[in-house]
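Each remark here refers to the structure printed beneath this line.
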Amino acid sequence: MMLDFSNVIPSIPYILEGIGVTLEIVVFATIIGLFLGIILALCKIGTIKPLRWFANFYTSIFRGTPLVLQLMIIYYAIPQISNFNIEPMPAAIAAFGLNSGAYISEIIRAGINAVDKGQMEASKALGIPYTKMMKDIILPQAMKNILPSLMNEFITLNKESAIVTVIGALDIMRRAYVVGGATFRYLEPLLIAGLIYYVMTLVLTLLGKLLEKRMRRSD
């Protein structure tokens, strides 16, 4: 069967509106994941065993189960056990943020461990408090080292956000499904959605490289 975009082209602006929804989910989930990842990473390298156990257990749960399962538990189970309905967007942001935090924590932990041990020893010798040492000395250096990995996580999150279609969020993919149902042609709108994701990935990759170069110049 030949491809026919004639019935789908008028719906392209509708599909493009999903970019805002996708970026909203990704940006807010990344902020939550970064904040949570830093806390978990500090717990993992800390000396308080209960916090280390909790951080490792948290990471194993969210890395060991499918993201779509976590999303559906948040969206369907919370109303079941609390009688509190949660909208698709907050559910998606929460699920992606909690999941991303587990992965980002491992990235940050590796980045902190990669910082020269002498930096920490010198800070302790100068009597710099642990919190200030981490905030002003160790974490800034670690962030420069792990920036490419963080950008990869951001790009991966952008693509994985397509699974929010299972809870009805009107992202790019969901809108492509809607157009397919209205026109009885699914391949064409799905190809358009794939092209949009591809272009977004290229743009994010370029921005990541530019940011990485800029940070290198600031060294």
Side-chain angles (χ1 to χ4, degrees), residues 19-46 51-52 54-68 70-71 74 89-90 92-117 119-120 123 130-164 171-172 196-219:
I19 294 176
V21 177
T22 297
L23 289 179
E24 183 180 349
I25 293 172
V26 173
V27 169
F28 282 105
T30 300
I31 293 172
I32 294 172
L34 185 59
F35 178 76
L36 185 58
I38 291 174
I39 294 176
L40 290 171
L42 293 178
C43 289
K44 290 176 182 179
I45 65 172
L51 291 180
R52 275 208 326 244
F54 170 77
N56 289 325
F57 177 72
Y58 178 98
T59 301
S60 68
I61 290 294
F62 279 90
R63 292 179 68 183
T65 56
L67 177 55
V68 66
Q70 299 161 20
L71 175 62
I74 290 176
M89 287 294 288
I93 291 171
F96 282 100
L98 294 172
N99 180 274
S100 182
Y103 287 90
I104 290 177
S105 70
E106 284 296 291
I107 295 172
I108 294 176
R109 182 187 63 81
I112 292 174
N113 288 336
V115 175
D116 185 4
K117 300 297 182 183
Q119 298 280 336
M120 190 174 295
S123 300
Y130 181 81
T131 302
K132 186 174 178 60
M133 174 186 67
M134 279 294 174
K135 180 173 68 72
D136 297 334
I137 300 174
I138 304 301
L139 278 177
Q141 295 183 64
M143 287 298 177
K144 287 185 178 182
N145 296 332
I146 64 177
L147 182 60
S149 297
L150 288 177
M151 283 304 303
N152 285 336
E153 174 64 19
F154 186 72
I155 292 170
T156 300
L157 199 59
N158 178 66
K159 293 182 293 183
E160 288 183 343
S161 67
I163 68 171
V164 298
D171 68 327
I172 299 168
I196 294 172
Y197 279 112
Y198 180 67
V199 172
M200 290 176 67
T201 299
L202 290 180
V203 172
L204 292 174
T205 302
L206 178 60
L207 291 176
K209 289 181 178 179
L210 292 175
L211 181 60
E212 187 178 351
K213 288 181 180 178
R214 187 167 184 177
M215 292 190 71
R216 284 178 179 175
R217 289 174 186 171
S218 66
D219 289 342

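Each residue takes its place number in the sequence, starting with 1. In this text, all values refer to a predicted model and were calculated from it rather than measured experimentally.
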(request) Using a 4.5 Å cut-off on heavy atoms from C-beta on, say whether the side chain of Ile137 contacts that of Gln141. (result) yes
(request) Quick one: pull up CD1 in Ile74 and CG in Asn99 and give me the separation to the nearest 0.5 Å. (result) 9.5 Å
(request) Taking ring pair (Phe, Tyr, Trp, His ring centres under 6.0 Å) as the test, write out the residues that go with Phe62, two or more places apart. (result) Tyr58
(request) Inspect the surroundings of OH in Tyr197 and state if more than 12 heavy atoms from other residues, nucleotides or ligands are less than 6.0 Å away. (result) yes
(request) Identify the two heavy atoms, one from Ala102 and one from Thr59, that lie closest to each other, and give their separation to 0.1 Å. (result) O-CG2, 3.8 Å
(request) For the residue pair Leu207 and Val203, establish whether any side-chain heavy-atom pair is separated by less than 4.5 Å. (result) yes
(message) If the condition is salt bridge (Lys or Arg N to Asp or Glu O under 4.0 Å), which residues does Arg63 pass it with, not counting sequence neighbours?
(response) Glu106
(message) Please give me the minimum heavy-atom distance between Ile107 and Ser149, naming the atom from each residue.
(response) CG2-CB, 3.7 Å
(message) As an exercise, state the distance from CD1 of Ile163 to CG of Leu71, rounded to the nearest 0.5 Å.
(response) 5.5 Å
(message) Going by the rule side-chain hydrogen bond (donor to acceptor under 3.5 Å, both in side chains), which residues pair with Thr22 if we only count those two or more places apart in sequence or in a different chain?
(response) none
(message) Please enumerate all residues that pass side chain to side chain contact (heavy atoms under 4.5 Å, CB included) together with Thr156, with sequence neighbours excluded.
(response) Glu160
(message) If the condition is side-chain hydrogen bond (donor to acceptor under 3.5 Å, both in side chains), which residues does Glu24 pass it with, not counting sequence neighbours?
(response) none
(request) With rounding to the nearest 0.5 Å, note down the distance linking CG in Leu206 to CE in Met151. (result) 9.5 Å
Output a table of donor-acceptor pairs, distance under 3.5 Å, between side-chain atoms of residues 30-42 and any protein atom two or more places apart or on a different chain; print 'none' if there are none.
{"unit_1": "Thr30", "atom_1": "OG1", "unit_2": "Val26", "atom_2": "O", "d": "2.6"}

(message) Minimum heavy-atom separation for Met134 and Pro140, please, with both atom names.
(response) O-CD, 3.8 Å
(request) Taking all non-hydrogen atoms of both residues into account, name the closest pair between Ala92 and Ile25 and its distance. (result) CB-CD1, 4.0 Å
(request) Name all residues meeting the side chain to side chain contact (heavy atoms under 4.5 Å, CB included) criterion together with Asn56; count only those two or more places apart in sequence or in a different chain, and write none if there are none. (result) Lys44
(message) Applying side chain to side chain contact (heavy atoms under 4.5 Å, CB included), can you list everything that pairs with Lys159, at least two apart in sequence or on another chain?
(response) Ile155, Thr201
(request) List for me each residue that meets side-chain hydrogen bond (donor to acceptor under 3.5 Å, both in side chains) alongside Thr65, sequence neighbours excluded, and say none if there are none. (result) Gln70
(request) Find the distance between OG1 (Thr205) and CG (Leu210) and round it off to the nearest 0.5 Å. (result) 11.0 Å
(request) Check Lys117 against Asn113 and note the closest heavy-atom contact, atom names and distance. (result) NZ-O, 3.9 Å
(message) Once side chain to side chain contact (heavy atoms under 4.5 Å, CB included) is applied, do any residues pair with Leu51, and if so which ones, sequence neighbours excluded?
(response) Cys43, Ile48
(request) Might you point out which heavy atoms bring Ser100 and Ala29 nearest each other, and give the distance in Å? (result) CB-O, 4.5 Å
(request) For side-chain contact (heavy atoms from CB on, under 4.5 Å), just list the numbers for Met143 and Leu150, CA-CA rounded to whole Å, side-chain angles, deciding distance to a tenth of an Å, and then say yes or no. (result) CA-CA 9 Å; Met143 287 298 177; Leu150 288 177; 3.9 Å; yes
(request) Can you measure from CG (Leu204) to CG (Leu211) and round to the nearest 0.5 angstrom? (result) 12.0 Å
(message) Rounded at 0.5 Å granularity, tell me how far OH in Tyr103 sits from CD1 in Ile108.
(response) 15.5 Å
(message) For Lys132, give me all partners under salt bridge (Lys or Arg N to Asp or Glu O under 4.0 Å), at least two apart in sequence or on another chain.
(response) Asp136
(message) Can you confirm whether Asp171 sits close enough to Ile19 that some side-chain heavy atom of one is under 4.5 Å from a side-chain heavy atom of the other?
(response) no
